[in-house]
Amino acid sequence: QVQLVESGGGLVQAGGSLRLSCAASGRTFSSYRMGWFRQAPGKERESVASITWSGGRIYYADSVKGRFTISIDYAKNTVYLQMNSLKPEDTAVYYCAAGAISGSLIPTSFGSWGQGTQVTVSS
């Protein structure tokens, strides 16, 4: 069982930066793939970035490559999503999730989810 708590969302102007945090706790999260997803109004939830807890596999959606960075602070058991050069199109609720390493990078492959944090980017 994995518990995830996100923080760090807010309102920022285009071109600005935010860092989202996902504090993880539980028994087996160290063997999971961690992911960040986002969902804008009227759109499907989409994968933004993912990382295995070991750090061996990292994935970024094409739309955020070069702008977003996913990382883990092992001392704090916290997954971060550093978001730079934010665009209005990045506006969404962002969710942290945990799933099996062998799973696909789709929302249904992730069984544990945080509550979500709103990111709003103004033009």
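Keep in mind that this is a model prediction, so the values were computed, not measured. Just the heavy atoms: all of them, side chains too, but no hydrogens, waters or symmetry mates, feed the values below.
- Evaluation of the side-chain contact (heavy atoms from CB on, under 4.5 Å) rule for Ala49 yields Tyr60, Ile70, Leu81 as partners, not counting sequence neighbours.
- For the salt bridge (charged side-chain N to carboxylate O under 4.0 Å, His left out) test, residues two or more places apart in sequence or in another chain that qualify with Arg67 are Asp90.
- Distance check, rounded to the nearest 0.5 Å: OG1 of Thr117 to CG of Leu20 gives 6.0 Å.
- No continuous path of hydrophobic side-chain contacts links Tyr32 to Leu105 [ILVMFWY only; heavy atoms under 4.5 Å].
- Within the structure, every pair that satisfies the side-chain hydrogen bond (donor to acceptor under 3.5 Å, both in side chains) test and touches residues 7-17, not counting sequence neighbours, is listed here: Ser17-Asn84.
- Take Lys65 and apply the salt bridge (charged side-chain N to carboxylate O under 4.0 Å, His left out) test, not counting sequence neighbours, and it matches Asp62.
- Evaluation of the salt bridge (charged side-chain N to carboxylate O under 4.0 Å, His left out) rule for Glu89 yields no partner, not counting sequence neighbours.
- Residue Asp73 holds its CG atom at 12.5 Å from SG of Cys22, rounded to the nearest 0.5 Å.
- Leu18 and Leu11 fall into different hydrophobic clusters, where Ile, Leu, Val, Met, Phe, Trp and Tyr residues are linked whenever their side-chain heavy atoms come under 4.5 Å apart, directly or through other members.
- The stretch residues 7-27 participates, sequence neighbours left out, in no ring pair (Phe, Tyr, Trp, His ring centres under 6.0 Å) pair at all.
- Annotation: salt bridge (charged side-chain N to carboxylate O under 4.0 Å, His left out) contacts involving residues 111-123, sequence neighbours excluded, are absent.
- Side-chain atoms of Gln82 never come within 3.5 Å of backbone atoms of Thr69 as a donor-acceptor pair (strictly under, hydrogens ignored).
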Contacts under 3.5 angstrom, residues 41-48 side chains, donor-acceptor by atom type, not counting sequence neighbours:
from, atom 1, to, atom 2, distance (Å)
Arg45, NE, Gln39, OE1, 3.3
Arg45, NH2, Gln39, OE1, 3.3
Glu46, OE2, Arg38, NE, 2.8
Glu46, OE2, Arg38, NH2, 3.4

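- Listed by first and then second residue, the side-chain hydrogen bond (donor to acceptor under 3.5 Å, both in side chains) pairs that reach into residues 48-58 are Thr52-Ser54, sequence neighbours excluded.
- Residue pairs meeting the ring pair (Phe, Tyr, Trp, His ring centres under 6.0 Å) criterion with at least one member in residues 80-115, sequence neighbours excluded, are Phe37-Phe110, Phe37-Trp113.
- When atom types are taken as modelled, the side chain of Gln115 and the backbone of Val5 share no donor-acceptor pair closer than 3.5 angstrom.
- A distance of 7.5 Å separates OG1 in Thr91 from CD in Gln118, rounded to the nearest 0.5 Å.
- Residues meeting the side-chain contact (heavy atoms from CB on, under 4.5 Å) test with Ala61, sequence neighbours left out: Tyr59, Ser63, Val64.
- To the nearest 0.5 angstrom, Ile101 atom CD1 is 13.0 Å from Ser109 atom OG.
- By the side-chain contact (heavy atoms from CB on, under 4.5 Å) test, Ala14 is found to be paired with Pro88, Val121, residues two or more places apart in sequence or in another chain being considered.
- The structure places CG of Asn77 at 11.0 Å from CG of Leu4, a figure rounded to the nearest 0.5 Å.
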